[in-house]
Structure formats: structure tokens, C-alpha cells
Number of protein chains: 2
Amino acid sequence: MDDSTRQKYDSRARIIKAMGHGTRLFLVDELSRGERCVCELQELVGADMSTVSKHLAVLREAGIVKDEKRGNQVFYSLRCPCVLNFFACVESVMQTSATQAVELAR
Amino acid sequence: MDDSTRQKYDSRARIIKAMGHGTRLFLVDELSRGERCVCELQELVGADMSTVSKHLAVLREAGIVKDEKRGNQVFYSLRCPCVLNFFACVESVMQTSATQAVELAR
DNA sequence: TGGCTAATTGGCAATTTAGCCAAATAGATA
DNA sequence: TATCTATTTGGCTAAATTGCCAATTAGCCA
């Protein structure tokens with residue numbers, strides 16, 4: 001694999017990787033229902049504010065969410081709702097695995 | 001976030017995370033064109049055979065690919081072709097980022 | 001059996017990531 | 001201005017990931 005090909009796949013993987021964490025996946029799911037400020041998300045996640053902020057930064061740097069400061073709050077929202085398609089596919093992968101497990105058990 | 005919710009998102013994230021690596025994304029893309037044996041993939045990737053084998057194991061454990069031994073070769077193929085939908089979404093995220101960058105520059 | 005090829009596994013060092021606390025920044029408001 | 005709230009950043013440690021080499025496993029064939 002040459003350098004430019006590697007770079008192409010690495011940059012795409014970076015975006016997917018940003019979703020590859022339980023907390024960040026939860027954040028994306030929550031944001032699919034509308035914009036939320038960091039303090040709301042922190043409440044829902046139940047981790048340190050700084051931890052949530054850093055997860056949001058990862059999603060922002062990947063281009064998945066955008067932030068907007070209003071007053072002294074920062075509101076996050078999905079910039080590319082197509083990421084929600086990931087959920088359906090993931091369910092289907094899990095379904096396939098579960099089905100296969102049952103078949104193997106027979 | 002309670003334990004079972006966390007578990008739900010973690011298990012889903014694990015599948016996405018498996019795709020979140022340049023080499024593994026390349027492998028998935030290549031397998032979308034049909035089954036390949038490890039040695040073919042190793043040739044294409046250009047890394048150590050053991051490295052490629054481990055990446056394939058990550059994809060297999062996530063339920064994204066399946067393996068089939070024939071003779072002394074192991075053939076891998078996509079178990080859930082829906083993962084290819086990821087590519088279109090990733091392109092769209094990159095497109096949005098690029099467009100925004102151009103707008104900001106103006 | 002012995003040797004060959006294909007693939008996986010074990011083990012290691014280097015790098016990256018995650019999550020917490022403390023400190024800094026920024027807007028609102030008294 | 002002083003203070004309060006919301007958020008980000010810096011710094012640290014623990015844990016996970018990556019990729020290579022070496023060793024092992026497994027099938028094929030002479």
C-alpha cells in the first residue's frame with residue numbers, strides 16, 4: 001500500500017474511530033434528538049465534565065459534530081446526521097452474530 | 001448512564017472501533033470486492049503477515065468478516081456488507097468539513 | 001516422515017487513549 | 001470589579017493498541 005493510499009484510509013478511519021467509543025457513541029445518539037449543551041450531556045453521561053468535553057472535542061475534530069457558544073454555554077449538534085446510519089448496520093452485525101451463535105449451539 | 005446502557009453502547013462501539021483503523025478499513029474495502037486469502041491481503045497491505053492476521057482477527061471478533069479455511073489457506077469475506085455504508089457517510093463528513101474550510105477561508 | 005507454505009499466537013517496546021483533578025478561560029450578573 | 005457558572009486545557013497515570021520478530025500450528029506433497 002503506497003503512502004497516499006495509506007493516508008486516504010487513515011483519514012477515513014479517523015472519522016470512524018471517533019465514533020468507536022461507548023461514551024462518544026452515546027453522545028452522538030443523544031445529539032440525534034437535537035442540540036444539547038455540555039452540562040446536559042455531562043449529566044446524562046455521568047462522567048467528569050472535562051472528560052465529556054474531551055470526548056466532544058474528538059467528535060468535533062472529526063467533523064461529526066459542531067459547537068455553538070451562546071451565553072456561557074456551548075451547544076453541540078450533529079453536523080452529519082448520516083452517522084446515524086452506523087447504528088442500523090451495527091445492529092445488523094450483532095444480529096448476524098447472535099443468529100450464528102444460536103445455529104452453532106444446535 | 002447506568003451499567004446496562006453503558007454496556008449497550010460499549011458493545012456497539014466495539015464493532016465500529018474495529019473499522020476505525022486505516023489498515024482494517026482497507027481490508028474491508030478490499031473484501032467488498034470478494035473473498036481474499038490472507039497472503040493476498042498481506043501482499044496488498046505490505047505489512048508483516050502476523051500484523052495482517054491480527055487485524056483480520058479484530059474484524060472477525062467484531063463479527064464484520066468471516067473466515068474459511070480451504071487447504072492451507074484461509075479465506076476472508078465480509079459477513080455484513082452493510083459496513084460499506086460507512087464509506088459513503090465518511091465521504092460526506094469529509095465533504096462537509098472541506099466545504100466549511102473553504103467557506104471560512106473566504 | 002520430512003520439508004514446504006500459510007497462518008496464528010506469544011511476547012515485547014513504543015505509541016496512543018481514557019479519565020480524573022487542578023488550573024485557566026470566558027460570559028453573565030450583582 | 002468581584003464572583004459565579006460553564007467549559008476547556010494541562011498534566012498525570014493506567015490501560016489499551018500497534019507492529020514487529022520469533023515460535024508454533026496446520027495442511028500439503030514428495
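Nothing here was measured: the structure is a model prediction, and the numbers come from that model. Sequence lines set the chain letters: A, B, ... in the order given, protein chains first and strands last, and positions in each chain run from 1.
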| said: Rounded to whole Å, how long is the line connecting atom NE2 of B:H21 with atom C1' of C:dT15? | reply: 11 Å
| Where the side chain of B:K17 is defined as all heavy atoms beyond and including C-beta, which of D:dT17, C:dT9, C:dA6 is the nearest nucleotide? | D:dT17
| Where each residue is assigned the nucleotide of DNA chain C containing its nearest heavy atom, which of A:S50 and A:R70 is assigned the position nearer the 5′ end? | A:S50
| query | Given that both distances must come in under 3.5 Å, which nucleotide forms a Watson-Crick or G-U wobble pair with D:dT18? | reply | C:dA13
| message | Is there a continuous path of hydrophobic side-chain contacts, each under 4.5 Å between heavy atoms, that joins A:V58 to A:I15? | response | no
| said: Without decimals, in angstroms, what is the distance between A:L27 CG and C:dG19 P? | reply: 11 Å
| note | B:E61 CD to C:dT8 C1', in whole Å, measures 12 Å
| Between atom CD in B:E43 and atom C1' in C:dT5, what is the gap in whole Å? | 15 Å
| CZ-CZ distance between B:F75 and B:R36, expressed to the nearest 0.5 angstrom | 10.5 Å
| said: From CZ of B:F75 over to P of C:dA7, roughly how many Å is that when rounded to an integer? | reply: 8 Å
| query | Do the side-chain N or O atoms of A:T51 get closer than 4.0 angstrom to the phosphate oxygens (OP1, OP2) of C:dG19? | reply | no
| Among C:dT8, D:dT7, D:dG27, the one nearest A:V74 by side-chain distance | D:dT7
| query | So what does A:Y76 hit on the nucleic acid, given a heavy-atom distance under 4.0 Å: a base, only sugar-phosphate, or nothing? | reply | sugar-phosphate
| query | When the distance from CE of A:M49 to P of D:dT7 is rounded to whole Å, what number comes out? | reply | 5 Å
| message | Can you confirm whether A:L84 sits close enough to A:L78 that some side-chain heavy atom of one is under 4.5 Å from a side-chain heavy atom of the other? | response | yes
| query | With nearest nucleotides of DNA chain D determined for A:K54 and B:N72 from heavy-atom distances, which residue corresponds to the more 5′ nucleotide? | reply | A:K54
| Contact class for A:A57 vs. all strands (heavy atom < 4.0 Å): base, sugar-phosphate, or nothing? | nothing
| query | Between atom CD in A:E68 and atom C1' in C:dG27, what is the gap in whole Å? | reply | 15 Å
| request: Quickly, which of B:E68, B:R60, B:K66, B:E35 forms a side-chain contact (heavy atoms from CB on, under 4.5 Å) with B:Y76? Name it, please. | output: B:R60
| field | Euclidean distance, atom CD of residue A:Q42 to atom C1' of D:dT7 [Å, nearest integer] | value | 10 Å
| query | Between atom CG of A:L56 and atom CG of A:D67, what is the distance when rounded to the nearest 0.5 Å? | reply | 9.0 Å
| message | Can you identify which nucleotide, out of D:dG27, D:dC20, C:dT8, has its nearest atom closest to the B:K69 side chain? | response | D:dG27
| message | Measuring to OP1 and OP2 of C:dT17, would you say a side-chain N or O of A:H55 lies under 4.0 angstrom away? | response | no
| Which nucleotide, C:dC21, D:dT7, D:dG27, lies nearest any side-chain atom of A:D48? | C:dC21
